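Contents: one structure, followed by commentary.
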Amino acid sequence: MKALEERILKEGKVLPGGVLKVGSFLNQQIDIDFMMQMGEEAARLYNDVKITKVLTIETSGIAVAACVAAKLHAPVVFAKKNKSSNVGNEVYSTEIHSYTHGNDYTAVISKEYLNAGDLCLITDDFLANGCAVEGLIRLCEQAGAKVVGVVAAVEKGFQGGGDALREKGVRVESLAIVDEMTDDGKITFRK
Ligand code: 5GP
């Protein structure tokens, strides 16, 4: 998505450790008009399939998922990190490694909100090593739900998570794929 690439070039900041900061529009300050355009593009990419749930993980996936879901007219279901008292005991649960925090956490989804027969589109703000998406796929497997595909706002292609999923036969569409980021801030997108 050209407009997303341009926005990343204009406002993105490359941080140490291969982290791209896009807090000015995507995951701290949220430019909702722009995010809705991203949602529209995601819905266009998946307009050939039926989707009953848009799945993500709290926190930073929720805004992207909401904008995608608004265009698909499907509910968002987000996995909670670490079980909180309002989730209940009946949950699907899996361990996920966090790229940005460098630790492992438990992601849970209440069994009420993910069912056999659901057709799920997994979405997140970033797809890096693929741990978050793979965790969501495991939660779908536990529920007997089908993963229709994945849509990431930004895929960091140089970390390989997206391509590994594609090799496994998972449909992955990313709105922008960063293939290279240098320490001095140069960002190169996949053609
Ligand atoms: P993965 O599990 O694919 O390695 O990483 C994806 C998760 O880590 C996303 O949920 C995202 O929040 C976070 N993440 C990974 N790389 C970046 C990055 O460069 N910038 C930001 N802001 N978040 C990232």
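As the structure is a computational prediction, the values presented were derived from the model and not from experiment. Every number for a ligand or one of its atoms is a count from 1 in the order of the listing.
- Applying the 4.0 Å criterion to heavy atoms of Asn27 picks out, from ligand 1, the atoms 22 (N).
- Here Glu141 does not pair with Arg138 in a salt bridge; the nearest charged N to carboxylate O distance is not below 4.0 Å.
- By the criterion of a heavy-atom distance under 4.0 Å, both the backbone and the side chain of Asn129 are placed next to ligand 1.
- Under the 4.0 Å criterion applied to side-chain N and carboxylate O atoms, Asp163 and Arg190 are assigned as salt-bridge partners.
- Without hydrogens or angle criteria, Gln29 side chain to Ser24 main chain gives a donor-acceptor distance under 3.5 Å.
- Of the listed residues (Val64, Leu121, Val172, Asp124), just one forms a side chain to side chain contact (heavy atoms under 4.5 Å, CB included) with Val151, and that residue is Leu121.
- Contact annotation: for Lys156 versus ligand 1, heavy atoms closer than 4.0 Å belong to the side chain alone.
- Here Val133 has no heavy atoms under 4.0 Å from ligand 1, in either its backbone or its side chain.
- Residue-ligand proximity: Ser60 is placed with a non-hydrogen atom under 4.0 Å from ligand 1.
- A salt bridge between Glu58 and Lys80 is absent, with no side-chain N of the basic residue lying under 4.0 Å from a carboxylate O of the acidic one.
- With a 4.0 Å heavy-atom cut-off, ligand 1 is reached by the side chain of Tyr99 but not by its N, CA, C or O.
- Comment: Lys156 does not engage Glu180 in a salt bridge, judged by the lack of any side-chain N to carboxylate O separation of less than 4.0 angstrom.
- Other members of a hydrophobic cluster containing Val76 are absent, since no ILVMFWY side chain comes under 4.5 Å of it, directly or through relayed contacts.
- Heavy atoms of Gly130 approach ligand 1 to within less than 4.0 angstrom.
- Checking only distances, Val19 never comes within under 3.5 Å of ligand 1, N or O to N or O.
- Both tests pass for Arg171 against the ring of Tyr46: distance under 6.0 Å to the centre and angle within 45° of the axis.
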Would you sort out whether Asp125 and Ser60 count as a side chain to side chain donor-acceptor pair (under 3.5 Å), showing the intermediate values? CA-CA 6 Å; Asp125 58 342; Ser60 52; 3.0 Å; yes
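- Nearest protein heavy-atom neighbour of atom 2 (O) of ligand 1: Ala132 N, 2.8 Å.
- Remark: Arg166 engages Glu155 in a salt bridge, criterion side-chain N to carboxylate O under 4.0 Å.
- Among protein heavy atoms, the minimum distance from atom 10 (O) of ligand 1 is reached at Asp124 OD2, 2.7 Å.
- Taking atom 20 (N) of ligand 1 as the reference point, the nearest protein heavy-atom neighbour is Leu20 O, 2.8 Å.
- Using a non-hydrogen distance threshold of 4.0 Å, Lys21 does not register as a contact of ligand 1.
- Atoms of ligand 1 lying under 4.0 Å from any heavy atom of Leu127, numbered from 1 in the order shown and given with element: 3 (O).
- Scanning the protein for heavy atoms near atom 24 (C) of ligand 1, the closest one is Thr100 CG2, 3.5 Å.
- Between Phe126 and ligand 1, no pair of N/O atoms sits closer than 3.5 Å.
- By heavy-atom distance, the residue among Leu26, Leu15, Asp125 lying nearest atom 12 (O) of ligand 1 is Asp125.
- Judged purely by atom type and a 3.5 angstrom limit, Thr56 uses its side chain to pair as donor or acceptor with the backbone of Thr123.
- The N/O atoms of His97, backbone and side chain alike, include none that comes under 3.5 Å of an N/O atom in ligand 1.
- With respect to atom 5 (O) of ligand 1, the closest heavy atom belonging to the protein is Ala128 CB, 3.7 Å.
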